[in-house]
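Reading through the structure tokens given below for one structure.
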Number of protein chains: 2
Amino acid sequence: MQVAGSGTETQPRLPLSRERVLAAAIKVADEGGLEALTMRRLADELGAEAMSLYYHVAKKEDVLDGVIDVIVTEINNVVGQIDVPAREGSWKSAVRQRILAARQVLLRHPWAPRVLETRTTMSMAVLRYHDELVRLMRQGGFSNDVAHHALHALGSRALGFSQELFDPGDSAGADPGTGPQDLASQFPHLAGMLEEVAHDDPDSTLGWCDDQTEFEFGLDLILDGLDRLRDGP
Amino acid sequence: MQVAGSGTETQPRLPLSRERVLAAAIKVADEGGLEALTMRRLADELGAEAMSLYYHVAKKEDVLDGVIDVIVTEINNVVGQIDVPAREGSWKSAVRQRILAARQVLLRHPWAPRVLETRTTMSMAVLRYHDELVRLMRQGGFSNDVAHHALHALGSRALGFSQELFDPGDSAGADPGTGPQDLASQFPHLAGMLEEVAHDDPDSTLGWCDDQTEFEFGLDLILDGLDRLRDGP
DNA sequence: ACCTGAACACCGTTCAAGT
DNA sequence: ACCTGAACACCGTTCAAGT
């Protein structure tokens, strides 16, 4: 039902813009997953035709680039409100806090890491985020060389997620005998491990078995290792 | 030009099979990248029609599952030839060797990690690979609990690759002033770091800036950290 | 300037039909 | 049993045309 208006002003719909397109893209992906994000469904969300989008974005890849920029900018805003450490040795908790804050943002957009990984051009926002990490590490006493290694070692963990290829809590474990042979007997060490740790893990995050506890374990392992390397490789 | 044959036997082309389809899929992706791997081009490679593939595989996802299984099986074969450690404390080099061997296989299929990450069902071959890692860690004195954490901490590194969101050697660095403002002044800490490390990195591997040295640095950081946790969290 | 309809070249997949 | 042609529902994208 269209509000026809009184006279000459015609505003049947607020006009499209790059910002509106990107916001709608995030909404569509949040609600329907990444496979729902097509140009046609994105246009639907905006009450327009697919072809109209091309006036505001170059192509679909441009939408994906833009969407990542919006999300990482949000991360930068959240992270910018975290205090910089006063003490010298507190680089670790400062970096840790930022990474966990970034993670909180990405948890609201579980599809975003997959898009982030496929970007070929470096987003300004991603550069800014890492620039800040380097600053904190330098202030914490790192050499440039170790800071550089640190960025590589952290990899995608720097932005708050990690790739889990293997989900111990899912396919093996629990009830054995789901396969042609008994899984537990095919993979005895894995099965034994899972039996003992009783990996009950109801929170699946970011789509992989990558829950908060395990993420922090891996993160701290790396941060502790880096801490030992300060002031020299 | 078809070899017509002498009489009644008609073998214009060896018949399709799941194995042939998967082998062709790997070939197509190796040669043309992941975006080249469509059902139609895959059929072309086999001298058949796209629709014929569906007699041997259920759907495209099945092709991707199968292709990963083939590659990780190859990894398992390579890794199976590595000696198991005699000494007790050598778990680390045993795991390290396996991971670096897995990496060598994946380096020949740079598109494979991206497919691996999107699998929803756990491959038997991936289970087997991780079962072996757990075995080595248990023999090396790890508790099941720490071994479990270790798998999570390694994440995709266990199979020889890591996600690099940020490529210091690429967009920033080198010649400044490519953007609207000077990149080096926008990201001073990053620029300073890059200037000092003079990151000349001609080998791009797996498609990300994730070269052998940096991969091993991150891997060793994690393995060393794990070593300290043996026999207790 | 902003938006659209029709059209193009491609997808994955189904299904009835061929041998 | 194995393979195929025609067809369907969907993509991203172009381009000339509308306001």
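Chain letters run A, B, ... following the sequence lines, proteins first and then strands; every chain starts at 1. Just the heavy atoms: all of them, side chains too, but no hydrogens, waters or symmetry mates, feed the values below.
In this structure, A:Thr38 reaches the sugar-phosphate backbone alone: every heavy-atom distance under 4.0 Å involves primed, P, OP1 or OP2 atoms, never a base. Among the heavy atoms of the strands lying under 4.0 Å from A:Met51 is at least one base atom, whether or not backbone atoms are also near.
Going from atom CG of B:Leu34 over to atom P of C:dC11 covers 13 Å, rounded to whole Å. If you measure from atom CZ of A:Arg40 to atom C1' of D:dA9, you get 11 Å, rounded to the nearest angstrom. Atom CD of B:Glu35 is separated from atom P of D:dG12 by 16 Å (rounded to the nearest Å). Rounded to whole angstrom, the span from the CG atom of B:Leu42 across to the P atom of C:dC11 amounts to 12 Å. In this structure, the CD atom of A:Glu61 is 13 Å from the C1' atom of D:dT13, given to the nearest Å. When rounded to the nearest whole Å, the span between CG of B:Asp62 and C1' of C:dG12 equals 14 Å. A:Glu49 places its CD atom 16 Å from the C1' atom of D:dT14, with the value rounded to the nearest Å. One interatomic measurement links the two molecules: NE2 of A:His56 to P of C:dA1, which rounds to 12 Å at whole-angstrom precision.
The pair A:Arg103-A:Glu216 does not meet the salt-bridge criterion, since no charged nitrogen lies less than 4.0 angstrom from a carboxylate oxygen. The pair B:Glu132-B:Arg135 meets the salt-bridge criterion, since a charged nitrogen lies less than 4.0 angstrom from a carboxylate oxygen. Between B:Glu61 and B:Arg119 there is a salt bridge, with a side-chain nitrogen of the basic residue lying less than 4.0 Å from a carboxylate oxygen of the acidic one.
The distance from atom CZ of B:Arg41 to atom CD of B:Glu31, rounded to the nearest 0.5 Å, is 10.0 Å.
An OP1 or OP2 oxygen of D:dG12 is reached within less than 4.0 angstrom by no side-chain nitrogen or oxygen of A:Lys59.
No option in A:Asp30, A:Leu64, A:Ile26 other than A:Leu64 meets the side-chain contact (heavy atoms from CB on, under 4.5 Å) test with A:Leu37.
Stem analysis of DNA chain C (at least three stacked-register Watson-Crick or G-U pairs, each with both distances under 3.5 Å) gives C:4-8 with D:12-16, C:12-16 with D:4-8.
Mapped onto DNA chain C by nearest heavy atom, B:Ala36 and A:Leu16 fall at different nucleotides, with A:Leu16 at the one closer to the 5' end.
Distance from the side chain of A:Arg41 is smallest for D:dC11 among the nucleotides D:dC11, C:dT4, C:dT13. Distance from the side chain of B:Tyr54 is smallest for C:dT14 among the nucleotides C:dT14, D:dC11, C:dT4. Nearest nucleotide to the B:Tyr55 side chain, out of D:dT14, D:dC3, C:dC15: D:dC3.
A:Arg20 places no side-chain N or O within 3.5 Å of a backbone atom of A:Leu46 that could act as its donor or acceptor partner.
A donor atom on one side chain and an acceptor atom on the other are not found under 3.5 Å apart for A:Arg157 and B:Gln163.
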